[in-house]
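Chain identifiers are assigned alphabetically (A, B, ...) following the order of the sequence lines, protein sequences preceding nucleic acid strands; residue numbering begins at 1 within each chain. Just so you know, these numbers come straight off a predicted model, no measurement behind them.
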2 protein chains.
Amino acid sequence: MNEIPLDAETKALEAPGDHKSDIRLWLRLLTCTTLIEGEIRRRLREQFDVTLPRFDLMAQLDKVPDGMTLGEVSKRMMVSNGNVTHVVEKLVASGHIDRRPAPRDRRVQIISLTPAGRTEFRAMAKVHEDWIADMFAGLGEKDEAALMELLGKTKTSVKTALDGKFGAKEDRS
Amino acid sequence: MNEIPLDAETKALEAPGDHKSDIRLWLRLLTCTTLIEGEIRRRLREQFDVTLPRFDLMAQLDKVPDGMTLGEVSKRMMVSNGNVTHVVEKLVASGHIDRRPAPRDRRVQIISLTPAGRTEFRAMAKVHEDWIADMFAGLGEKDEAALMELLGKTKTSVKTALDGKFGAKEDRS
DNA sequence: GGCAATAACTTTAAGCTTGAAATATTTAAG
DNA sequence: CTTAAATATTTCAAGCTTAAAGTTATTGCC
């Protein structure tokens, strides 16, 4: 009666419908991200007097030479349009970015780093890169490669689960 | 002059001081967390009309039978004290939790789930668990175990980097 | 052209989050 | 006992974030 059948490998140890190990995995993933993000946020504020959202937005703009539309920034950063509007206002006010209407479509705003903004961002980015490297310093190259690979699988798995809601059969291009 | 020395394995391919692969790893970690968290947030709101912070706070309280101090909640959730005060007010107002002063120390507030709050939380938690399991469904057991292990190493690595700031030699107990 | 649908962005209301300052209480030293 | 330091929580100001509704501009269809 209280014997546990051992015919299904490790999984047999869990009750049916029990996904506790997935929850633990999720919580650990969240903890890692929260730890790193909180520390980066704190250091950016202390050492450069900049918030993480503003830094992230500048990072998107630094990747391109001639600016980007608000919608593209919103998509890349995975945040709402209203959020981008708000952060952009702050960065325009502080002189880090410029904003101009698109030539062919008056609905569209194009934003780009000012020269000063780009210079300042790159100085911060260099230090930021070192912070991240330090935080991952305890992992060897093999570990990092394996983690990268597994997170790639995770991302795919999550996206599949999300798409499933729409019954999508193919890649929405 | 433009020959790259190949005497240091793979790492030799990167310029000195270049930590781009760590940045990519960090961004991928962040993307995974953001994707999952955003979807959970959305579903909790749509299906249960509850915010993620409130759900998380109730999750902490559900782990213990007799409640917890605000400080302990703050530590476990890794958020500020003021934040806990704010979320607790909302949950008290909605009748999900109770709040009472500690018997021996009048500075301390103890909060606990009301019977109704616990019942409602557990119903949500069950569904939440399935959502998480679905999102990780694309990973096999081996992958999940490996990811769990690597995230454990990552957490240790990050904490070491953070402690380093204080020159800590031992575990602050 | 006229008009409906679509798209880009902004506004709004609500809520989360933080760090710092303030308040209230307890503990420890003398 | 008195007082200084430490602790637990709250308050405050600033800023982030979202979903939904609103505005303006473009596109496709007749």
Practice problem: Please state how far atom NZ in Lys90(B) lies from atom C1' in dA14(C), giving the value in whole angstrom units. | Solution: 8 Å

Exercise. Calculate the interatomic distance between Asp49(B) atom CG and dA14(C) atom P; express it in whole Å.
Key: 14 Å

Exercise. Using a 4.0 Å heavy-atom cut-off across all strands, classify Ser80(B) as base, sugar-phosphate, or nothing.
Key: base

Self-check item: Spacing of Leu57(A) atom CG relative to dC16(D) atom C1', expressed in whole Å
Solution: 13 Å

Quiz item: How long is the line joining CZ of Arg54(A) and C1' of dC16(D), in whole Å?
Solution: 9 Å

Self-check item: Nucleotide dG19(C), atom P - distance to CE of Met78(B) in whole Å
Solution: 13 Å

Exercise. For the pair Ser157(B) (side chain) and Met135(A) (backbone), establish whether a donor and an acceptor sit closer than 3.5 Å, ignoring hydrogens and angles.
Key: yes

Quiz item: Is any side-chain nitrogen or oxygen of Arg45(B) closer than 4.0 Å to OP1 or OP2 of dA19(D)?
Solution: yes

Practice problem: Verify, without hydrogens or angle tests, whether Ser74(A) (side chain) and Leu70(A) (backbone) share a donor-acceptor contact under 3.5 angstrom. | Solution: no

Practice problem: Please state how far atom NE2 in His86(B) lies from atom C1' in dA14(C), giving the value in whole angstrom units. | Solution: 9 Å

Quiz prompt | Whole-Å distance separating the CZ atom of Phe55(B) from the C1' atom of dC16(C) | solution = 17 Å

Practice problem: Would you indicate, yes or no, if dT18(D) has its OP1 or OP2 atom less than 4.0 angstrom from a side-chain nitrogen or oxygen of Asn83(A)? | Solution: yes

Practice problem: Just do the side chain to side chain donor-acceptor pair (under 3.5 Å) check on Arg100(B) and Ser112(B) with the steps written out, would you? | Solution: CA-CA 9 Å; Arg100(B) 60 185 187 283; Ser112(B) 53; 3.2 Å; yes

Quiz item: Do the side chain of Arg28(B) and the main chain of Met148(A) share a donor and acceptor less than 3.5 angstrom apart?
Solution: yes

Exercise. Please state whether the phosphate of dT26(D), meaning OP1 or OP2, lies under 4.0 angstrom from any side-chain nitrogen or oxygen of Arg106(A).
Key: yes

Quiz prompt | Per-nucleotide protein contact string for nucleotides 3-10 of chain C (B base, S sugar-phosphate only, - none; heavy atom under 4.0 Å) | solution = ----BSBB

Practice problem: Nearest-nucleotide wise, let me know which of Arg104(A) and Val79(A) is further upstream toward the 5' end of DNA chain D. | Solution: Val79(A)

Practice problem: Measure from the side-chain N and O atoms of Thr114(B) to the backbone N and O of Gly95(B), and report whether any donor-acceptor pair falls under 3.5 Å. | Solution: yes

Quiz item: Arg41(B) near the nucleic acid: base, sugar-phosphate alone, or nothing, with a heavy-atom cut-off under 4.0 Å?
Solution: nothing

Exercise. To the nearest 0.5 Å, tell me how far Met58(B) CE sits from Arg54(B) CZ.
Key: 8.5 Å

Practice problem: Figure out the CZ/P separation between Arg42(B) and dT17(D), and round it to whole Å. | Solution: 19 Å

Quiz prompt | Polar side-chain atom of Ser94(B) near backbone of Lys90(B) as donor-acceptor pair, under 3.5 Å | solution = yes

